[in-house]
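First up is the structure itself, then whatever we jot down about it.
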Amino acid sequence: MGKTMIEKIIERASGKKVKVGDRVWCNIDWSTARDFGGANCVLQFEEVTEKKGKVWDPEKVAFTFDLQAPAHAEKVAQNQKIIRDFAKRQGISKVFDVNWGVGQHVLLENGLVKPGDVILGTDSHMNLLGAVGSFATGVGNTDIVASWFKGTNWFRVPETMKISATGTFKKGVCMRDFLTLLVGTLGADGMFFRSVEFYGETIENSTLADRITLCSMVTEMSGKVGLILPNGDVLDWLRARAGNEVDERVKAIAADPDAVYCQELSFDVNDLEPLASCPDAPDNVKKVREVAGNHIDQVHIGSCSNGRFEDIAAAFDVLKAANFQVSPTVRTIITPATRETMKRCAEAGMIQKFLEAGVIFTNPTCSLCTAEHYGVLPSGDVGVSTTNRNFIGKVGKGSHTYLMSPMSAMASAVRGVITDPRDILC
């Protein structure tokens with residue numbers, strides 16, 4: 001009986017043969033913490049070691065400041081200082097401070113993520129790194145602290161489901177819409193503690209940005225991790241950043257032809273339409289046309305799900321088609337995922353055009369994923385966002401949010417109400 005990708009990854013990390021349901025200790029390639037939660041990890045580690053402990057390998061520990069960057073309150077600033085000081089004492093060089101952007105993306109861009117890696121993080125969407133075949137997972141502070149002692153963590157080997165997608169997206173439709181289709185079809189527990197392997201021509205021909213989007217909401221379906229085997233341009237990009245070792249890693253973790261899956265699903269995206277996760281749950285999915293015309297107060301484009309250059313460029317194309325004008329009745333905010341993304345947007349001349357259109361273009365952060373950043377919604381306001389959760393009050397007590405693609409979001413910003421992007425692009 002053949003092995004799935006997650007089984008091969010766990011076997012590499014544990015040094016043991018495994019099967020679904022086994023509980024094994026794995027060696028960790030990276031143990032990471034962000035500014036939100038990272039300070040608590042530091043304080044807990046120093047408490048149990050009486051400030052005398054050393055992390056097992058300072059070259060495998062990283063900190064990313066992305067949720068509250070730069071600090072907007074004294075408490076936040078103090079927490080960030082706790083992390084910086086700890087990193088200095090421990091000799092941890094990988095501290096990506098407030099000027100870098102979303103942690104997972106920054107780790108990727110800096111060549112620190114390889115296929116088959118096992119990565120821990122304090123972000124529940126750490127698993128988006130499965131976009132390059134890495135088993136990354138969000139864990140609690142205690143698991144992070146424990147991993148700092150011996151560089152290990154235990155896992156239960158999950159079942160694997162296989163999802164295949166064929167076809168080509170029509171104008172105004174993109175991978176975010178396919179992801180939204182999956183969330184609506186499978187529901188909030190449709191991937192419960194499963195690893196998910198994505199296949200098919202739609203996936204194989206997709207960009208890195210598309211793959212990150214697809215893997216970014218596996219958590220919203222209660223999945224453990226989504227995994228995509230790097231190929232083509234994505235493999236070339238990864239090799240240039242992380243080195244030639246990635247080629248051997250890809251071969252090592254590829255699922256066997258006779259791998260056993262607990263469920264197999266196939267989708268054709270040729271006739272897919274723009275979709276939206278409506279208030280107040282990601283799996284409350286409707287066609288954008290069904291909710292078109294609904295009132296909105298704010299639009300936000302960015303986050304770990306849709307904050308890369310390709311996402312912002314897609315929004316830019318919609319704005320261009322609308323003669324670079326957004327509605328004066330809507331606050332429109334764009335947040336690039338990383339400094340590198342922001343630089344590319346500047347070099348492409350997009351930032352100036354966005355600003356001239358009345359868009360707020362911010363520094364790279366997680367931004368409006370929670371109510372812990374500038375731009376939160378007041379009670380009663382309705383927002384449109386490309387983030388991954390829209391529970392009531394997520395970005396402001398009493399507020400409501402529609403989740404949709406960058407194209408749908410910008411079309412809504414242009415018209416001042418929820419709008420199908422095809423009404424502008426086609």
Arg344/Glu340 ion pair, N-O < 4.0 Å: no
Tightest non-hydrogen contact, residues Gln104 and Leu129, listed as O-CD2, 3.5 Å
May I ask you to establish whether Lys353 and Phe316 are in a cation-pi arrangement, using a distance under 6.0 Å from NZ or CZ to the six-membered ring centre and at most 45° from the ring axis? no
How long is the gap from CD1 on Ile212 to NE2 on His125, to the nearest 0.5 Å? 13.5 Å
My understanding is that only one of Thr387, Thr332, Thr335 makes a side chain to side chain donor-acceptor pair (under 3.5 Å) with His300; could you say which? Thr335
Can a side-chain donor-acceptor contact be found between Ser31 and Trp148 if the only test is distance below 3.5 angstrom? yes
Take a 6.0 Å sphere around CG of Asp233 and say whether it holds more than 12 heavy atoms from other residues, nucleotides or ligands. no
Lys17/Asp22 ion pair, N-O < 4.0 Å: no
Can a donor-acceptor pair be found between the side chains of Asn306 and Thr213 at a distance below 3.5 Å? yes
So that I can tick it off, tell me whether Lys287 and Asp420 are bridged by a salt bridge, with the cut-off set at under 4.0 angstrom between side-chain N and carboxylate O. no
Who are the salt bridge (charged side-chain N to carboxylate O under 4.0 Å, His left out) partners of Asp258, not counting sequence neighbours? none
Check this for me: Phe391, atom CZ, are more than 12 non-hydrogen atoms of other residues, nucleotides or ligands nearer than 6.0 Å? yes
Assess the residue pair Asp280 and Lys394 against the criterion (salt bridge (Lys or Arg N to Asp or Glu O under 4.0 Å)); give the C-alpha distance rounded to whole Å, side-chain angles, the decisive distance to 0.1 Å, and a yes or no. CA-CA 9 Å; Asp280 293 300; Lys394 184 74 163 62; over 6 Å; no
CG/Asp381 to OG/Ser399 distance, rounded to the nearest 0.5 angstrom? 7.5 Å
Take atom CZ in Phe36; do more than 12 heavy atoms of anything else shown fall under 6.0 Å from it? no
Could you give me the CA-CA distance, side-chain angles and deciding distance for Arg12 and Asp29, then say whether salt bridge (Lys or Arg N to Asp or Glu O under 4.0 Å) is met? CA-CA 11 Å; Arg12 169 190 170 270; Asp29 293 285; 3.4 Å; yes
When rounded to the nearest 0.5 Å, the distance separating OG1 of Thr160 from NZ of Lys224 is 12.5 Å
So that I can tick it off, tell me whether Asp117 and Lys60 are bridged by a salt bridge, with the cut-off set at under 4.0 angstrom between side-chain N and carboxylate O. no
Non-hydrogen atoms of His105 and Cys304 that approach each other most closely: NE2-O, 3.0 Å
For the residue pair Met217 and Ser305, what are the closest heavy atoms and their distance? CG-OG, 4.4 Å
Charged N to carboxylate O below 4.0 Å: is that the case for Asp311 and Arg308? no
Glu248 with Lys114: basic N within carboxylate O range, under 4.0 Å: no
Is it true that atom CD of Gln352 has more than 12 heavy atoms of other residues, nucleotides or ligands lying nearer than 6.0 Å? no
Ion pair check, Glu109 and Arg241, cut-off under 4.0 Å: no
